Amino acid sequence: MTTPIALIDCNSYYVSCERAFDASLKDVPVVVLSNNDGCVIARSAESKALGIKMGDPIHHLRDMVRRHGIRVLSSNYTLYGDMQRRVIAACEAFARDFEIYSIDETFLDLAGFEDRDLVAHAQAMRNQVQQWTTIPTCVGIAGTKTLAKLANRAAKTDPRFGGVADLRDDAVRRKVMDVIEVGDVWGVGRATATKLLDLDIRTAAALRDMPMKQARAVGTVVLERLVAELRGEAANAVEAIEPQRKGMAVTRSFGTPVTRFDHLMGALTEYAMRAGEKLRAHGLVAGRLTAFFHTNRHRPDRPQYAASRAVTLHPMTADSLKLIAAARRGAERAWRDGYAFTKAGVILENLVASELRPRTLFEEPDDRRARLMSALDEINGRFGKWSAVTASQGFKREWKLRADSRSPAWTTRLSDLPLVKT
DNA sequence: TCTGGGGTCCTAGGACCC
DNA sequence: TCTGGGGTCCTAGGACCC
């Protein structure tokens, strides 16, 4: 008997976070936009009912927004990240091991809780989260992570489950798998779904029943593992310990296209600064930096150019000024005149915990530089992101993105605290 | 006019080296 | 007529996830 796994998933998470602090958003259609106010990344139930899809560009929806009075918000990741900590805190007592899978989903290893009524257990957890954060959730319970995902989907889409679906029961599991489309299974994307449909494999149940050999032929070991999980054989454990991350990136689309090298460098400088902050916040150093930029891929009628150049960081470093220098070297090598660039970024790889980094022969301890970096982090942490910047970054940001309708930092900035009038 | 950002894993060809 | 093999790094791109 495998230990039961639960997946708790917040409903319309970003919208629910916004609603926690703005009562006027209740019961009306709401959407939250991606960075740069480009496309829809979260929808309230009312917006879903209007037919708005995940990823819809907002400029295609302007009419609809006017007609239905849809409330449109820029995304506020500081708020969503802070709310996530509160959601996890509310779940703490309900399992011993957690894997925080994404900003709104957490797997729970329910080992040690098997003798309880797990549906009642999950309902109590939902209530706790609702009480502490106002965020509505759904919970799926099953023997493997992939099945817990399916269970969660069932809990979310079929009101008869009352918010908690337990797929450990054979009959319930079969019924659910018969109706879930193959493309809605976790790990089956568009390309794989097309291949499976060609083989007349249309449901989660059909995927479960396909021959293992065929699964490997269609989608390598990845699909093979997925099929095993659908059969109840755990191929993925709940990973309570966060694995060492392999890379990190800071990338942005530009509000206005960039045609000049110095403007591109202004943006890359900013991203390299930010990447350094992220490295230092995680206590890491990087061994490799890649700078990239490209033109608008949605306009094939215009001249296209995409390039990326990697620079080895030797010695490994988290020093923003060294990252900026490396980004410049990469960008200079890749630059071509005559194009309008719409996106750029900095990717850091070969990450190692700072204290474990290999020392080089000629490396001298540079305390002053380290102190400068922590001073920078402190100033920008206390007074806001653009208080201290490098000269090449500059205060004028021609490429900067749009975020016209961002909600206040309700939970993390004192001046944005909501006021209660009595 | 206007189409996100941040991840992981995998594949493949070319350059380069021994 | 008649191609070396194997390793690593770089760049590019596909597929998937949230």
Side-chain angles (χ1 to χ4, degrees), chain A residues 7 9-10 12-14 31-42 53-63 65 72 74-77 80-81 84 99-107 145-146 149 152-153 183-196 218-223 225-226 236 239 242-257 271 274-275 278 282 287-300 302 304-312 330 333-334 340 342-351 401-404 406:
Chain A
L7 173 65
D9 181 316
C10 301
S12 305
Y13 180 60
Y14 296 170
V31 297
V32 177
L33 302 183
S34 60
N35 260 324
N36 221 17
D37 289 345
C39 45
V40 172
I41 54 168
K53 298 273 177 298
M54 198 73 172
D56 276 351
I58 190 64
H59 66 266
H60 288 170
L61 301 174
R62 288 294 171 206
D63 271 357
V65 167
V72 178
S74 304
S75 41
N76 183 347
Y77 292 103
Y80 312 148
Q84 180 190 26
E99 175 183 337
I100 299 169
Y101 176 67
S102 75
I103 197 158
D104 67 335
E105 283 169 282
T106 298
F107 286 104
K145 284 163 96 175
T146 307
K149 270 289 236 190
N152 194 282
R153 186 181 178 83
D184 291 333
V185 174
W186 188 39
V188 177
R190 232 184 27 203
T192 310
T194 306
K195 287 190 209 164
L196 291 170
V218 171
T220 71
V221 287
V222 181
L223 192 64
R225 255 180 244 145
L226 204 164
N236 297 300
E239 307 281 0
E242 224 181 302
Q244 164 66 53
R245 61 200 297 177
K246 306 248 184 329
M248 60 171 62
V250 178
T251 71
R252 295 280 180 279
S253 294
F254 302 130
T256 357
Y271 306 161
R274 176 82 195 99
K278 271 167 90 171
H282 288 85
R288 195 171 124 105
L289 177 148
T290 302
F292 78 85
F293 47 89
H294 61 73
T295 46
N296 188 350
R297 290 181 162 143
H298 302 289
R299 296 297 305 264
R302 295 193 186 154
Q304 295 284 315
Y305 177 54
S308 76
R309 292 290 180 275
V311 177
T312 302
R333 281 199 277 136
T342 53
K343 183 172 181 171
V346 160
I347 300 166
L348 300 173
E349 285 162 303
N350 300 350
L351 307 187
L401 36 94
R402 293 177 298 267
D404 295 334
R406 178 169 301 154

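Note that these values count all heavy atoms, side chains included, but never hydrogens, waters or copies made by symmetry. Since this is a predicted model, take the numbers as computed values, not measurements. Throughout, protein chains are lettered first and strands after them, A, B, ... in sequence-line order, and every chain is numbered starting at 1.
- Side chain of A:Tyr271 to main chain of A:Ala291: no donor-acceptor pair is present (N/O by atom type, distance under 3.5 Å, no hydrogens or angles).
- Note on A:Val40: nothing from the nucleic acid sits closer than 4.0 angstrom, heavy atoms only.
- Using a 4.0 Å heavy-atom cutoff across all strands shown, A:Thr192 reaches sugar-phosphate atoms only and no base atom.
- Stem list for DNA chain B (at least 3 consecutive Watson-Crick or G-U pairs, distances under 3.5 Å): B:5-18 with C:5-18.
- Rounded to whole Å, atom C1' of B:dC2 lies 8 Å from atom NE2 of A:His60.
- With A:Gln304 contributing its side chain and A:Asn296 its backbone, the two residues share a donor-acceptor pair below 3.5 Å.
- Across all strands, A:Arg190 comes closer than 4.0 Å only to sugar-phosphate atoms, never to a base (heavy-atom distances).
- Separating the CG atom of A:Asn76 from the C1' atom of B:dG4 is a distance of 16 Å, rounded to the nearest angstrom.
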Nucleotide-resolved protein contact map, nucleotides 6-18 of chain B, B/S/- at heavy-atom distance under 4.0 Å: SSSS---------
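- Across C:dC18 and B:dT1, the matching C1' atoms stand 29 Å from one another, rounded to whole Å.
- A:Asp104 and A:Ser102 are linked by a side-chain donor-acceptor pair at a separation below 3.5 angstrom, with hydrogens and angles left out of the test.
- Within the model, atoms NZ of A:Lys149 and CG of A:Asp9 stand 6.5 Å from one another, a figure rounded to the nearest 0.5 Å.
- A:Ala334 and A:Tyr305 make their closest contact through O-OH, 2.5 Å (heavy atoms, listed as atom of the first residue, atom of the second, distance).
- Of the side-chain N and O atoms in A:Arg299, one or more sit less than 4.0 angstrom from OP1 or OP2 of B:dC2.
- Note: A:Trp186 and A:Tyr101 have perpendicular aromatic rings, judged against thresholds of 30 and 60 degrees for the angle between ring planes.
- Under a cut-off of 6.0 angstrom, the local environment of CD in A:Glu242 is sparse, with at most 12 non-hydrogen atoms contributed by other residues, nucleotides or ligands.
- Using bins of under 30°, 30° to 60° and over 60° for the plane-to-plane angle, the ring pair A:Tyr77/A:Tyr80 lands in the perpendicular bin.
- Spacing between B:dA15 and C:dG4 at atom P, rounded to whole Å, works out to 15 Å.
- Checked by atom type and distance alone, the side chain of A:Ser34 never pairs as donor or acceptor with a backbone atom of A:Ile41 at under 3.5 Å.
- For the pair A:His59 NE2 and B:dT1 C1', the interatomic distance rounds to 9 Å; values are reported in whole Å.
- Heavy atoms of A:Thr342 sit nowhere under 4.0 angstrom from any nucleic acid atom.
- Among the atoms of the strands shown, only primed sugar atoms or phosphate atoms (P, OP1, OP2) are found under 4.0 Å from some heavy atom of A:Lys149.
- Side-chain nitrogen and oxygen atoms of A:Lys343 include none within less than 4.0 Å of the OP1 or OP2 phosphate oxygen of B:dT3.
- Whole-Å rounding puts the A:Tyr77 OH to B:dG5 C1' distance at 7 Å.
- Residue contacts shown for A:Asp56 are absent, as no nucleic acid heavy atom lies under 4.0 Å away.
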